[in-house]
Amino acid sequence: MIPNEPKITPELVAEHGLKPDEYERILKLIGREPSFTELGIFSAMWNEHCSYKSSRLHLRGLPTKAPWVIQGPGENAGVIDIGDGLAAVFKMESHNHPSYIEPYQGAGTGVGGILRDVFTMGARPIAALNALRFGDPTHPRTRHLVGGVVAGIGGYGNSFGVPTVGGLVGFHTRYDGNCLVNAMAVGLAEADKIFYAKATGVGLPVVYLGSKTGRDGIHGATMASAEFGEGAEEKRPTVQVGDPFAEKLLLEACLEIMAAGCVVAIQDMGAAGLTCSAVEMGAKGDLGIELNLDNVPCREAGMSAYEMMLSESQERMLMVIAPGKEEQAEAIFRKWGLDFAIVGHTTDTLRFVVKHKGEVVADLPIKELGDEAPLYDRPWTETPRQQRIDPASLSISATVPGALERLIGSPDFASKRWIWEQYDHLILNNTVQRPGGDAAVVRVEDGPRALALTTDVTPRYCEADPFEGGKQAVAECWRNITAVGARPLALTDNLNFGNPEKPEIMGQLVGCIRGIAEAARALDFPVVSGNVSLYNETFGRAILPTPTIGGVGVLTDVEKMATLAFKDSGETILVIGATTGWLGQSAFLYEILNREDGAPPPVDLALERKHGDFVRALIDEGLVTAVHDVSDGGLLVALAEMAMASGIGATLIGPPAGMNPHAFWFGEDQARYVVTTASAKSAILKRAEAAGIPIAKLGSTGGDRLNLPGERPIIVDALRERHEAWLPIYMGAGRM
Amino acid sequence: MKSAVILFPGSNREGDVARAIAGICGTKPNIVWHADSELPPGTDLVVLPGGFSYGDYLRCGAIAARAGIMPAVHAHAAKGGLVLGICNGFQILCESGLLPGVLVRNARLRFICREALLRVERIDTPFTRRYAKNAIVRFPVAHGEGNYTADAETLRRLEGDGRVIFRYVTASGQRDDEQVLNGAANSIAGIASEKLNVLGLMPHPENHVDPLLGSTDGRPLFESLASVLERA
């Protein structure tokens with residue numbers, strides 16, 4: 001008889017985030033009323049965050065395979081072959097809800113969680129990235145969140161010792177009540193030495209490693225599966241507290257016992273802690289697990305079974321240890337000053353049995369805990385299409401230089417130096433391309449191989465047309481990797497949306513996933529890991545649909561890497577890809593005309609591939625000196641970024657006859673790159689013509705200003721000053 | 001030359017400095033565990049690397065300064081042996097009394113990872129002999145607590161004895177104590193012991209040794225050590 005204290009009431013069930021029909025499902029599954037601890041276990045396993053119950057059905061449509069994919073979704077992280085017997089292990093994950101409640105710890109533990117996912121697989125983390133979205137800068141909470149999130153990411157990653165090499169930061173009023181913190185980590189492992197969660201062998205010890213278990217983070221994953229309303233701050237106790245020092249020790253100890261051959265299976269304790277990790281190891285290996293909580297290292301006395309099973313204390317791991325290796329494993333952990341405790345063993349019963357103080361507090365079928373989680377085919381409606389905007393219909397008073405100056409100094413486009421200078425982006429001595437380029441480039445060991453890494457999404461496009469927006473996020477990520485000369489290999493997706501129980505939100509999720517799937521398939525850029533964050537809503541207002549894409553590509557010779565800065569005066573500037581002047585959902589429309597309407601630019605995936613492959617070949621052959629992808633802000637923003645990065649100006653040729661100049665300079669047509677060349681202009685033009693790729697001369701580099709026909713010159717230094725000024729001033733820190 | 005890099009729990013730039021030494025000086029350093037009590041026999045150079053020893057949850061470097069290996073490091077220094085402390089290593093040297101003063105939170109209370117310009121104040125030391133006189137060099141900094149502070153008497157003595165080896169300067173090569181990136185007194189980035197055999201500095205020469213990564217200004221520091229120790 002399992003004791004039941006407190007009594008299970010409909011209110012208690014609801015507090016656990018379980019709907020009445022979900023509770024019925026539990027009753028049917030186990031044939032009796034669950035114990036309090038069991039109810040907690042179900043709530044941990046069946047919440048949106050852990051079960052993907054609203055998204056699972058649609059995620060099946062994502063392409064996940066390629067010859068270079070070693071492990072796709074379903075493990076702690078994705079694994080791809082990058083050549084030379086090495087593998088890149090990577091994933092992105094959100095920590096949105098906790099970061100809004102407690103930005104420093106929420107963001108820090110987001111970084112900690114994703115690093116753990118990577119080293120759980122036997123990989124040493126070599127780079128971290130992130131994608132951050134905050135509310136309108138004038139919202140009273142925004143500055144506090146920016147400061148706290150950035151300090152939290154830096155505080156964790158810097159101490160752990162991983163370079164934070166890239167990311168994106170955006171602002172929009174729709175994130176006023178829900179900021180987004182998406183953290184990505186990339187690790188390096190030998191391709192034949194990857195570790196998995198799947199347990200094998202009956203009667204083997206299940207070992208608890210790392211920090212002690214405390215009362216922090218209880219119900220964290222359940223909290224992250226609900227909307228915010230009044231009193232979101234009161235949820236602060238559900239946020240975990242990070243200890244990067246403990247994580248660093250855990251990393252070194254784990255890699256050491258893996259190398260010593262002690263590990264059969266390993267799973268980190270992330271969301272839903274001990275519960276989720278134990279169930280996953282057993283279920284994946286078709287084994288039962290029996291835990292004895294009396295042996296769990298606790299931070300404080302008197303913790304109940306319920307608390308231990310649901311704690312999300314950080315920096316903990318669960319492992320199945322190889323027979324006879326317990327002593328060796330323990331010695332390694334003790335050396336690093338970490339807890340090591342045998343807390344259970346594998347069984348052949350397929351039951352998940354939890355004992356505490358001599359009593360059985362949970363006894364559940366282990367496979368069904370995961371497999372029988374609710375799966376919803378939620379109703380959804382298609383987002384209504386918007387009309388294409390005719391530039392001639394716009395009344396524009398800003399001059400082209402004036403509009404550029406406003407754009408370049410606006411929150412979304414302003415330099416993020418104030419942020420990335422708080423991240424150690426140089427540790428490990430491999431950061432070949434630092435923050436500020438199209439993609440970060442990190443050398444692999446002593447080279448010449450390197451990885452190109454980036455995170456991308458344009459939420460405005462996704463809101464207007466989820467399918468095209470989903471496509472565009474993948475295409476832009478692929479383009480950024482291409483623009484540094486790398487071959488894009490695979491991606492991780494972090495899908496951030498509102499409440500999926502609303503058909504229009506569900507429609508955004510479905511549309512974006514379909515768009516991602518189509519682009520990933522067309523570009524041979526499979527999805528190998530990911531994370532879904534739903535219920536990003538406050539008082540019924542949802543965030544913009546934000547499917548962040550994190551991409552990994554490989555450069556076989558890092559010496560050939562391209563950067564976006566102009567290199568010298570007197571070089572020819574070319575644009576590859578057609579410019580039609582597409583202003584719908586553009587940054588120009590948003591920043592200059594205060595409008596967010598029109599259809600977003602369509603993404604022709606065949607052209608993306610064709611143009612990208614063309615540019616990559618030019619880089620590989622050394623025919624171009626600078627390369628930059630054209631994304632939001634259009635041609636002139638791209639050119640300004642190339643000028644500001646170098647201090648070299650340019651004299652530019654205006655739009656073709658009949659084209660509105662604002663549309664020409666600020667339109668956001670896709671599949672475009674700006675390149676410069678010192679001496680290969682005619683060769684490049686000839687090749688483009690032969691391949692049927694639109695290419696046009698934009699001007700030539702030189703001087704200290706951007707000269708546009710018929711417009712006042714734009715001084716590059718003054719533009720850079722505007723570009724660098726906004727964020728430090730906003731954060732109240734002056735110019736430093 | 002025989003070198004030892006001390007590995008404390010939470011050290012994280014030991015690999016960077018070991019790689020720089022191996023690549024420039026030609027011999028791989030021994031990685032020595034903090035809890036050991038002896039340095040490998042014949043050690044010429046001891047390096048205390050960057051990182052967050054013990055999480056830096058107490059004063060930076062305070063716990064590491066009391067690690068099992070530190071008496072051996074003191075003995076090595078007392079014999080005139082060379083000791084190099086970078087970033088957290090500099091903090092540990094100060095906390096252990098091998099160098100005077102202390103490193104506190106950056107003046108703007110934020111971590112800073114950025115390239116800094118430094119002037120090499122003297123080149124008659126085992127760490128700087130391969131630099132040009134008054135050279136201006138570019139090393140990255142990556143620290144939250146690099147604000148060097150000492151009492152007025154100590155600062156006067158350091159300056160009087162010429163023990164400030166690296167100093168932050170502005171783009172024009174001038175010292176500007178008001179604008180110094182972390183608030184350090186007298187714009188101090190690195191100081192040496194009286195006998196010039198112990199050097200502590202906040203910036204990271206080991207991260208600027210490869211042209212692919214943007215600068216090789218850190219190389220002469222390791223070349224200096226190699227040239228001093230090559231007979232050893």
Side-chain angles (χ1 to χ4, degrees), chain A residues 124-125 147 150-151 153-165 242-249 251-253 335-338 417-435 441-443 445-448 450 558-559 561 728 731-736, chain B residues 7-20 22-23 33-35 49-58 60 63 87-88 106-116 139-144 178-183 203-215 218:
Chain A
R124 181 175 283 279
V150 169
I153 290 173
Y156 207 101
N158 297 346
S159 175
F160 177 84
V162 64
T164 301
V165 296
D243 178 357
F245 172 58
E247 179 113 326
K248 168 71 171 164
L249 302 179
L251 162 77
E252 299 300 341
K335 182 183 98 179
W336 287 100
L338 294 167
R417 179 185 303 275
W418 184 89
I419 290 174
W420 53 256
E421 282 193 344
Q422 295 185 58
Y423 306 148
D424 188 339
H425 49 273
L426 300 174
I427 189 166
L428 304 185
N429 239 1
N430 285 323
T431 309
V432 183
Q433 189 150 168
R434 300 177 186 182
V441 176
V442 176
R443 178 173 59 181
E445 295 179 334
D446 291 323
V558 67
E559 300 274 356
M561 172 187 83
M731 293 307 293
R735 292 301 172 92
M736 293 295 285
Chain B
L7 181 59
F8 299 96
S11 293
N12 61 23
R13 261 186 167 86
E14 77 282 359
D16 294 11
V17 75
R19 193 167 163 191
W33 188 242
H34 67 102
F52 289 69
S53 55
Y54 298 91
D56 281 347
Y57 293 142
L58 197 58
C60 297
I63 299 179
C87 200
N88 195 223
N106 293 345
R108 287 174 193 84
L109 306 180
R110 291 192 304 275
F111 189 94
I112 308 171
C113 179
R114 176 193 300 180
E115 290 187 350
F139 291 177
V141 298
H143 60 244
E178 295 302 308
Q179 290 298 314
V180 62
L181 81 169
N182 55 19
H204 292 280
E206 76 276 26
N207 287 130
H208 265 183
V209 296
D210 187 339
L212 188 64
L213 280 87
S215 167

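Numbers restart at 1 for each chain; the letters A, B, ... are given by sequence-line order, proteins then strands.
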Asks: Could you tell me which portion of A:R417 (side chain, backbone, both or neither) has an atom closer than 4.5 angstrom to a non-hydrogen atom of chain B?
Replies: neither
Asks: Find out whether B:C113 and A:Y423 are in side-chain contact, i.e. whether some heavy atom of one side chain is under 4.5 Å from a heavy atom of the other.
Replies: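 No, too far: nothing below the 4.5 Å cut-off.
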Asks: Could you check if a side-chain atom of A:D424 sits within less than 4.5 angstrom of a side-chain atom of B:R13, using non-hydrogen atoms only?
Replies: yes
Asks: If I measure from the heavy atoms of chain A, does B:V209 come under 4.5 Å with its side chain, its backbone, both, or neither?
Replies: side chain
Asks: Quick one: are B:V17 and B:H204 in side-chain contact, heavy atoms under 4.5 Å?
Replies: no
Asks: Report yes if some heavy atom in the side chain of B:N207 is under 4.5 Å from a heavy atom in the side chain of B:L213; otherwise report no.
Replies: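 No, side chains not in contact.
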Asks: Parallel, tilted or perpendicular: which one describes the rings of B:F8 and B:H34, with boundaries at 30° and 60°?
Replies: tilted
Asks: Go through the atoms of A:T431 and report whether side chain, backbone, both or neither lie under 4.5 Å from a heavy atom of chain B.
Replies: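 Just its backbone gets close to chain B.
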Asks: Using non-hydrogen atoms and a 4.5 Å limit, figure out which bit of A:I427 sits close to chain B: side chain, backbone, both or neither.
Replies: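 For A:I427, heavy atoms of backbone and side chain both lie under 4.5 Å from chain B.
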Asks: So which part of B:D210 gets closer than 4.5 Å to some heavy atom of chain A, the side chain, the backbone, both or neither?
Replies: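 Contact with chain A is through the side chain of B:D210 alone.
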Asks: Hey, which of B:G10, B:A35, B:P9, B:S53 has the most heavy atom pairs under 4.5 Å with chain A?
Replies: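 Winner by heavy-atom pair count: B:P9.
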Asks: Atom CZ in B:F52, atom CG in B:N12: separation rounded to 0.5 Å?
Replies: 6.5 Å
Asks: Side-chain contact, heavy-atom cut-off 4.5 Å: A:V442 with A:P163?
Replies: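 In short, these two side chains do not touch, never coming nearer than 4.5 Å.
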Asks: Counting heavy-atom pairs under 4.5 Å with chain B, which one of A:Q433, A:H425, A:E559 comes out on top?
Replies: A:H425
Asks: Tell me, for B:Y57 versus chain A, whether the close heavy atoms (under 4.5 Å) come from the side chain, the backbone, both or neither.
Replies: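 Interface part for B:Y57: side chain.
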Asks: Please rank A:V558, A:D446, A:V162 by heavy-atom pairs under 4.5 Å with chain B and give me the top one.
Replies: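 Option with the greatest count: A:D446.
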